[in-house]
Amino acid sequence: MTTSWELRARSGRAVLVNGTNREVEPGRLPLPEALVAALHEWAGVAEAMPADDAVAEQVSARGRQLAMRLAVETGGEIGYADPVTGEVDRIGRRRPARPGQLTPPPPTPWATGLTVTVIIAAIVLIALVVVSHGLSEVNTWLAVGVNIVVAAGFAPSIWLGRRVPVWRWVAFGTAAGVLLAWAALLLSSLGGGGY
């Protein structure tokens, strides 16, 4: 659909007018049904609009939103005939229709992120091994219990942080540190307890 269209409200119905001033019902074009229904609803409100400035502003704003959605669907510019002021504005595709499309996500900072992950993993590894080694001299089961409690305490934070752009590196480092600490403690207990 490459023809240039203009959105207007006529007699409580939305119409699209092409360059030859031929009016077309939006439902006859390949548009989503929800968009067609929203267009007709907007035109109905515009027709029954009271002489209230606040309502007029809302009708104009809603019409612009719908024209923007039309521009995205059609892949071009849409003329918007404001039923309040009568002015015709050109609304193009350069304005995205969805907030998620405003900007592309930034590139992943692998070098910095992996550095943070390694540092956090080393801190957690050293802390758990030192604490577990000290507790194992008192009671082995106490050391095992503390490791389980620490892992259970970190688990919700790791799970929630795994998708947050900055905190995911800390979460991955914490998980790696806990797993490496368990492996180190298991190997030390199999090897006779020496570090």
Side-chain angles (χ1 to χ4, degrees), residues 1 30-42 45 54 57-58 61-76 78 91-195:
M1 200 165 94
L31 297 171
E33 290 180 28
L35 178 57
V36 173
L39 287 167
H40 289 309
E41 180 184 22
W42 161 77
V45 172
E57 285 181 29
Q58 290 177 351
R62 179 64 176 151
R64 286 184 196 290
Q65 289 174 345
L66 292 171
M68 193 179 313
R69 284 183 58 193
L70 272 171
V72 169
E73 289 294 329
T74 61
I78 293 291
I91 297 177
R93 253 185 66 180
R94 57 192 173 275
R95 294 184 192 168
R98 295 172 193 92
Q101 293 179 341
L102 289 176
T103 57
T108 303
W110 286 103
T112 306
L114 291 176
T115 303
V116 169
T117 298
V118 168
I119 291 170
I120 296 297
I123 291 170
V124 171
L125 170 67
I126 292 168
L128 278 179
V129 167
V130 169
V131 169
S132 297
H133 179 63
L135 289 175
S136 68
E137 291 178 2
V138 175
N139 185 342
T140 304
W141 291 108
L142 180 61
V144 170
V146 166
N147 272 297
I148 291 172
V149 168
V150 167
F154 279 141
S157 298
I158 292 170
W159 184 256
L160 292 174
R162 77 189 192 287
R163 294 191 189 250
V164 179
V166 173
W167 287 102
R168 64 183 166 194
W169 305 110
V170 175
F172 296 153
T174 304
V178 168
L179 292 175
L180 290 172
W182 282 11
L185 293 171
L186 181 62
L187 291 174
S188 77
S189 66
L190 292 176
Y195 287 99

* Structure fact -> Rounding to 0.5 Å, atoms CD1 (Ile120) and OG1 (Thr115) come to a distance of 11.5 Å
* Asked: Only one of Val144, Thr140, Val146 clears side chain to side chain contact (heavy atoms under 4.5 Å, CB included) with Leu135; which?
  -> Val146
* Asked: Closest approach of Ile91 and Met68, non-hydrogen atoms and distance?
  -> CG2-CA, 3.9 Å
* side-chain contact (heavy atoms from CB on, under 4.5 Å) evaluation trace for Trp42 with Val45 -> CA-CA 5 Å; Trp42 161 77; Val45 172; 5.9 Å; no
* To do: Kindly compute the distance separating NE2 (His40) from CG (Leu66), expressed to the nearest 0.5 Å.
  => 11.0 Å
* CH2-CD1 distance between Trp169 and Ile119, expressed to the nearest 0.5 angstrom -> 13.0 Å
* **side chain to side chain contact (heavy atoms under 4.5 Å, CB included), paired with Leu180, selected from Leu125, Val124, Leu128, Leu185** => Leu125
* Does any N or O in the side chain of Ser132 come within less than 3.5 Å of the main-chain N or O of Val129, such that one atom is a donor and the other an acceptor? -> no
* Asked: Is Arg162 reaching over with its side chain to a backbone N or O of Trp159, donor-acceptor style, under 3.5 angstrom?
  -> yes
* Check: Leu39 and Leu70 side chains under 4.5 Å, non-hydrogen atoms -> yes
* Asked: Which atoms form the tightest heavy-atom contact between Ala171 and Gly161, and what is the distance?
  -> CB-C, 4.1 Å
* Asked: How far apart are the closest heavy atoms of Leu35 and Glu73, and which atoms are they?
  -> CD2-CG, 3.8 Å
